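Data block below; observations after.
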Amino acid sequence: MERVFTDHLGDWKRSCYCGEPRVDGVGRELILGGWVQRRRDHGGLIFVDLRDRSGVIQVVFNPEIDPASHEKAKQIRSEDVLAVRGSLTKRPPETVNRELSTGEVELSVRELRLLNASQVPPFLIEDETDANENTRLKYRYLDLRRPQSLGHLLLRYRMTKKIRDYLDSKGFIEVETPVLTKSTPEGARDYLVPSRIYPGKFYALPQSPQLFKQILMVGGLDRYFQIVRCFRDEDLRADRQPEFTQLDMEMSFVQPEDVIDMVEGMMTALFKELKGIELKRPFPRLSWEEAMSRYGTDKPDLRFSLELIDFSSAFKGSQVKVFSGAIEKGGLVKGVKVAGGANLSRKELDDLTAFVSQYGAKGLAWIKFTEGDWQSPIAKFLSEKERGEILGLTGAKSGDILFFVADEPKVVYEALANLRLHLGEKLGLISEKDYSLLWVVDFPLLEYDPEEKRHVSVHHPFTAPLEEDLPLLEKEPLKVRSKAYDLVLNGVEIGGGSVRIHQVELQKQLLGLLGIGAEEAKEKFGFFLEALGFGAPPHGGIAFGIDRMAMILSGARSLRDVIAFPKSQRAVCLLTDAPSSVDARQLKELGIKIALGD
RNA sequence: GGGGUCGUAGUUCAGCUGGAUAGAACGCCGGCCUGUCACGCCGGAGGUCGCGAGUUCGAGUCUCGUCGGCCCCGCCA
């Protein structure tokens, strides 16, 4: 039987939100509106928990107060929308509900208006919902009614609001840049938008407004920011969505220190506002090289130690062939010591081995230090000298365990960085309440891409080299460091930026190093190079992942929790079913034929 | 593109080495109930076991394929 409600709001004006009434309002007549969290029908009395974004209040339908509304209330079901008029009353002391902000009061209803009936919801609207994400995303509007969902969006809003206020106070101007723009080489795959007016040509959705913000500096804006949607057509992860939001900023006449200083001020204000935390300034800083050697990653989580230890020199020429072999081939032997980790079971060690194999490690060697003994598959191959060096490097004591990975540097770093994180979580070394902010600086400007057989930018092609390294650019480009900086929060890169190249000749030289010839440069970035030639000031900036920041600051597990309408891992919007087919007519207008291979 | 994992009632799950009528909880429907707030009590409905092949006397269970959710690798300057 379909329930249909036909009441209208009429001249009723809502008095306040459901979560607001308190004892001091007792006796007042209130009009409230909201959704039915729950109905408890006692035959004689009917209780309804009425919910809106502010919270829940109990409303009571008592036939002795108003028989008509009590009769009407019998039809009420979960998630119906209703408005009630009645008097706020104090609850009898024994019926006070301490769980509710409004638990000392309730509304005695004199009139009920049934505004809209709800279908039976597919899952209960509660914070501890166990509905799977599939269902929650399909019925996102129901999921959003959960206080936790609202909390995430609210925190995100307060964050962007504070950012805007802060940057405004520092003289930044928010400027919008195009969403329909030009596809550029380098970087991620572009989302393309076909042009109807120029069949066969395409706009691209921006991966970031990089060139536009630099051109705004050429335009004399001096301080720009934008909270802006960006698009990258790559595969998704828990921390990666195809469309995401950046705080993009840029400043003129600056060096890295100036940008870093501005950002520290902003982050400090943000943490104070959102978490009530006073951050200490300056934030800690690591060079890229130090971050890699101590943590194996350019975004270390400093909330716990477990630093990497280098055994490469200790194992040169070792009887342990996997170690000495790796070193001979130009690789490394590195490891981590877990104090008190000797009680890890064989199964756990096997799991850890499987874990590092994901990152290309061929094995995970270990030594358990027990009372007067070294338990290890490699123990019998270790010389006295090596044993001495291991003890010297690690200070290992009885009860500890040591892990080793020997391979080419990239594999060693990736495997151990991830192992370190994995162990940190598994062993409970990370306090959820801690926040660790860290700058990583002095990145290399370029790295060599063996697949493309050319140099590629570590940051992006517009990043300026460190002035002191400029002489190396011609002969040893891989040794050149850049004026780039990343801000890392709890092991997540939340922001990255650089001071840019503002001189056209240097920019051309750099594009050349990347294998982008004059011809291609002109076609792809001609407008930009031309702009640099008209008096581009020195400038630099940074961009932050707003979604990631919101995720971390709200303690969410996934980016999807802090995005109102996120995509599934296969890049589908489960609510709208996008992407979808389009009319043949639309395709024809665009001059597009679908040519799907078999 | 690859690996892992999950898919059984509206929801979350159980379902053993393949065996007869596929269960539970919550939700839903009906009845009773004036102080509940995860109300309670009584009764009831609800299933193409994601989909398609195959093996078998017999498949929710085994095999292959396929679709979808999630996690990861590759990818993401």
Side-chain angles (χ1 to χ4, degrees), chain A residues 1 3 37-50 56-65 70 74 77-79 89 91-100 102-103 106 108 119-126 128-139 142 184-190 207-208 210 230-242 244 354-360 414-415 418 422 443 445-447 449 451-452 454-463 482 484 493 496 498 510-511 514 516 543 545 557-558 560 567-570 572 574 577:
Chain A
M1 172 198 76
R3 297 178 310 129
Q37 176 72 31
R38 223 175 221 110
R39 178 190 64 131
R40 291 176 294 280
D41 185 345
H42 287 234
L45 280 181
I46 297 174
F47 299 97
V48 166
D49 293 337
L50 196 64
V56 167
I57 188 169
Q58 172 164 282
V59 303
V60 189
F61 297 92
N62 187 335
E64 287 161 20
I65 291 175
H70 175 263
K74 288 179 180 168
R77 295 293 180 272
S78 289
E79 300 309 314
T89 52
R91 293 200 194 189
E94 65 279 9
T95 68
V96 164
N97 185 346
R98 303 268 163 227
E99 304 292 309
L100 291 181
T102 58
E106 62 194 6
S108 294
Q119 304 286 334
V120 175
F123 53 89
L124 265 68
I125 314 297
E126 299 174 330
E128 303 76 29
T129 182
D130 48 7
N132 82 33
E133 215 168 337
N134 205 354
T135 317
R136 287 173 44 207
L137 290 180
K138 181 170 175 195
Y139 300 97
L142 299 178
T184 50
E186 304 284 301
R189 194 177 295 114
D190 284 323
Q207 297 180 26
S208 87
Q210 183 61 34
C230 300
F231 306 87
R232 292 178 190 176
D233 188 4
E234 299 291 350
D235 288 343
L236 286 77
R237 291 284 187 281
D239 62 352
R240 247 161 54 190
Q241 283 272 313
F244 59 99
F355 178 80
V356 295
S357 75
Q358 287 183 86
Y359 305 96
E414 243 174 80
N418 284 294
H422 185 71
F443 281 78
L445 183 69
L446 302 167
E447 62 188 341
D449 183 336
E451 237 162 66
E452 296 207 31
R454 65 181 184 96
H455 293 117
V456 294
S457 296
V458 168
H459 193 58
H460 59 53
F462 317 107
T463 300
S482 69
E493 184 204 318
S498 61
L510 217 99
L511 289 174
L514 297 173
I516 300 173
R557 297 238 167 130
S558 158
R560 294 185 295 275
K567 306 271 189 292
S568 79
Q569 184 156 43
R570 308 229 15 229
V572 167
L574 295 172
D577 252 337

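What you are looking at is a predicted structure, and each value in this text was computed from that prediction instead of being measured. A note on names: the letters A, B, ... follow the listed sequences, proteins ahead of strands, and every chain is numbered from 1.
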Mind checking if A:R98 touches a base, just sugar-phosphate, or nothing, with heavy atoms under 4.0 Å?
nothing
Sugar-phosphate only, base, or nothing, as touched by A:Q358 at under 4.0 Å among non-hydrogen atoms:
sugar-phosphate
Side-chain N or O of A:N132 less than 4.0 angstrom from OP1 or OP2 on B:U12?
yes
Ranking B:G35, B:C75, B:C70 by distance to the side chain of A:S568, first place goes to B:C70
Length of the line joining A:E106:CD and B:G35:P, which is rounded to integer Å
13 Å
Base, sugar-phosphate, or nothing for A:R77, non-hydrogen atoms under 4.0 angstrom?
sugar-phosphate
Side chain of A:E64, heavy atoms from C-beta onward: which of B:C70, B:U34, B:U36 has the nearest atom to it?
B:U34
Would you say the base of B:U11 stacks on A:F123 (centre-to-centre below 5.5 Å, plane angle below 30°)?
no
A:F47 has an atom CZ; how far is it from atom P of B:C33, in whole Å?
15 Å
Within this structure, what is the CG-NE2 distance for the pair A:L510 and A:H460, rounded to the nearest 0.5 Å?
11.5 Å
Remember a base hit wins even if backbone is also touched, and classify A:P461 as base, sugar-phosphate or nothing at under 4.0 Å, heavy atoms.
base
Enumerate the protein-to-nucleotides 38-41 of chain B contacts in which both atoms are nitrogen or oxygen and the separation is below 3.5 Å.
{"residue": "B:C39", "atom": "OP1", "partner": "A:R38", "partner atom": "NE", "Å": "3.1"}
{"residue": "B:C39", "atom": "OP2", "partner": "A:R38", "partner atom": "NE", "Å": "3.2"}
{"residue": "B:C39", "atom": "OP2", "partner": "A:R40", "partner atom": "NH1", "Å": "3.4"}
{"residue": "B:C39", "atom": "N4", "partner": "A:D41", "partner atom": "O", "Å": "2.7"}

Between B:G27 and B:C37, how many Å separate the two P atoms, rounded to a whole number?
13 Å
How is A:V458 classified with respect to the nucleic acid when contacts are heavy atoms under 4.0 Å: base, sugar-phosphate, or nothing?
sugar-phosphate
